[in-house]
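All remarks here apply to the structure that follows.
Only a predicted model underlies this, so the values are computations on that prediction, with no experimental measurement involved.
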Amino acid sequence: MSRSHALQAYIITRLMLAPLMVWVISTVVFLLLRATPGDTVDVILGPRAPESQKALVREQLGLAKPLLEQYFDYLKHLLSFDLGTSLTSRGQPVWDIIQDFFPATAELAICSMVFALLIGVGAGVLSASRPGTALDAGGRLFGIITYALPLFWAGMLLKLLFAVKLGWFPNGTRFPIRMLPPEGPTGLYLIDSLLSGNFEAFGATLYYLALPSFTLGLVLSGIFERIVRVNLKQTLRADYVEAAKARGIPERRVLLSHALRNALIPVVTILGLTTASMLGGAVLTEVTFSWPGLGNRLYAAIGDRDYPTVQGVIVFFALIVVLTSIAIDIVNAYIDPRIRY
């Protein structure tokens, strides 16, 4: 079988397995939510509401049915791409909640990844280019610390320092209250403000986005630093790099033009694997910085025992991770001919 046919078969297999993965994740979430203590009706009516009223609301929400019947109802709606309606947001469809809140999460995640790549790849290149020096040791220490850094702790620390004590950055929210958010087709304020030519809104969006995205990017940068450092060191010992040095090519050019390109190939793979960590980190970052994104909405839904919203948002996140993983495999196959499927 040729390489292109093998890749096509691999992608088709992955796409066929995607619904199975989503089913497993959605089933686990369904069971975990029902196993956790707490009652949605208590959240809606309050714990002191009459039992007769609670029973009526429980019947209306379908929570009085047997667990198995609730599960099959849930799967039936999922198969028809119906994520249900929120139990605590006045019957708002879950899909509408995702559309309203996901742009803020996507903007935070994209900017965080830019920070992670800039910091991680930069630190990895500096460390690998000076082996055995204090710079190398500092790079290794940076990678270990950031890789092991608890995100919520780092977020609280940076927020207390730069937002509360120094006042350099806003203490929460996504956009100044005194301004109208930019309107546009994407819901991403950076892109919409550029499309409308509103550069004041663009600057304000960057200002509010800087600290949360830097925090998440800093924590994610550790894994990129470690991958780039190790691969670049190995690449710098390769025969073709030694040959380039022997031909008198400047060391900086050898490093950036010859060695770094090959050392960055594993980074593309890590980008896909980091998607799940990035979405999980976005939830913690949004809660820490009061960021009005889907992660913050998910956190509130878990506290309210809003089963349809929690299930719908997690299924949506699972789909993103699966599709991103497939896209990364395709990109890897094209940039690295040595990969076989």
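Both W95 and V310 are part of a single hydrophobic cluster, where members link through side-chain heavy atoms under 4.5 Å apart. Following chains of ILVMFWY side-chain contacts shorter than 4.5 Å, one can reach I302 starting from V315, so the two form part of one hydrophobic cluster. With hydrophobic clusters built from ILVMFWY side chains whose heavy atoms lie under 4.5 angstrom apart, L190 does not share a cluster with M179. Each of L158 and M156 belongs to its own hydrophobic cluster when Ile, Leu, Val, Met, Phe, Trp and Tyr are linked at side-chain heavy-atom distances under 4.5 angstrom. Cluster membership for V57 and L33, using ILVMFWY side-chain heavy atoms within less than 4.5 angstrom, is shared.
Judged by distance alone, the side chain of D136 and the main-chain N or O of G132 form a donor-acceptor pair under 3.5 Å. Checked by atom type and distance alone, the side chain of Q70 pairs as donor or acceptor with a backbone atom of K65 at under 3.5 Å. Judged by distance alone, the side chain of N296 and the main-chain N or O of W291 form a donor-acceptor pair under 3.5 Å. Counting only distance, with no hydrogens or angles, the side chain of D304 and the backbone of D306 share no donor-acceptor pair below 3.5 Å. Judged purely by atom type and a 3.5 angstrom limit, K54 has no side-chain atom pairing as donor or acceptor with the backbone of V41. Using modelled atom types, one side-chain atom of N231 and one backbone atom of I227 make a donor-acceptor pair closer than 3.5 Å. Listed for the E225 side chain is no donor-acceptor partner under 3.5 Å among the backbone atoms of G120.
Note that CZ of R229 is 10.5 Å distant from CD of Q234, once rounded to the nearest 0.5 Å. With rounding to the nearest 0.5 angstrom, the CZ atom of F102 is 8.5 Å from the CG atom of L188. With rounding to the nearest 0.5 Å, the separation of CG in L236 from OG in S129 is 8.0 Å. In this structure, the separation between CD1 on I177 and CG on L180 is 12.5 Å, given to the nearest 0.5 Å. Atom OG of residue S26 and atom CD of residue Q311 lie 8.0 Å apart, to the nearest 0.5 angstrom. One finds the CZ atom of F175 at 4.5 Å from the OG1 atom of T205 (value rounded to the nearest 0.5 Å).
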Query raised in the report: Does the side-chain contact (heavy atoms from CB on, under 4.5 Å) test come out yes or no for Q53 and L56, once each step is laid out?
Result: CA-CA 5 Å; Q53 195 174 356; L56 181 62; 5.6 Å; no
Query raised in the report: What do the steps show when you test Y71 against L67 for side-chain contact (heavy atoms from CB on, under 4.5 Å), and what is the final call?
Result: CA-CA 6 Å; Y71 176 65; L67 186 63; 5.7 Å; no
**Report entry** Chi angles and distances behind the side-chain contact (heavy atoms from CB on, under 4.5 Å) call for I119, F142
**Finding:** CA-CA 10 Å; I119 299 170; F142 171 81; 3.4 Å; yes
**Report entry** Trace of the side-chain contact (heavy atoms from CB on, under 4.5 Å) decision for N198 with Y189
**Finding:** CA-CA 10 Å; N198 189 346; Y189 287 177; over 6 Å; no
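The side-chain heavy atoms of F289 and T215, taken from C-beta on, include a pair separated by under 4.5 Å. Between L294 and F317, the closest side-chain pair of non-hydrogen atoms falls below 4.5 Å. A heavy-atom distance below 4.5 Å is found between the side chains of F199 and L194. A heavy-atom distance below 4.5 Å is not found between the side chains of F30 and T27. Taking the side chain as every heavy atom from C-beta outward, H77 and L83 never approach each other to under 4.5 Å. Inter-residue side-chain proximity for T309 and L87 is flagged as unmet; no heavy-atom pair is nearer than 4.5 Å. In this structure the side chain of L209 never reaches within 4.5 angstrom of the side chain of F214, judged on heavy atoms. Put simply, the side chain of P185 reaches to within 4.5 Å of the side chain of L195, judged on heavy atoms.
Counted by atom type alone, S196 and E183 present zero donor-acceptor pairs between their side chains at under 3.5 Å. No side-chain N or O of Y147 forms a donor-acceptor pair with one of S221 less than 3.5 Å apart.
Of all the heavy atoms in L211 and A163, the pair that sits closest is CD2-CB, 4.2 Å. For the pair P292 and A104, the tightest heavy-atom approach, listed with the atom from each and the gap, is O-CB, 3.5 Å. Nearest heavy atom pair, residue T105 against residue A282, reads CG2-CB, 4.3 Å. Closest approach of S193 to A201, counting heavy atoms only: CB-CB, 3.9 Å. Of all heavy-atom pairs spanning I97 and S86, the tightest one is CD1-CB, 3.8 Å. When all heavy atoms of L149 and A154 are compared, the pair lying nearest together is CD2-CB, 3.7 Å.
Taking the charged nitrogens against the carboxylate oxygens, E107 and R174 do have a contact shorter than 4.0 Å, which makes a salt bridge.
When the salt bridge (charged side-chain N to carboxylate O under 4.0 Å, His left out) test is applied to R297, no partner is found at least two apart in sequence or on another chain.
The local environment of CZ in R140 is sparse, with at most 12 non-hydrogen atoms from other residues, nucleotides or ligands closer than 6.0 Å. Summarising the local packing, CZ of R34 is surrounded by more than 12 heavy atoms from other residues, nucleotides or ligands at distances under 6.0 Å. Few gaps surround CD on E69; more than 12 heavy atoms of other groups in view lie less than 6.0 Å from it. Annotation for E59: atom CD does not count as buried by contact number, only 12 or fewer foreign heavy atoms lying within 6.0 Å.
Taking the ring centroids of Y74 and Y307, they lie at or beyond the 6.0 Å cut-off.
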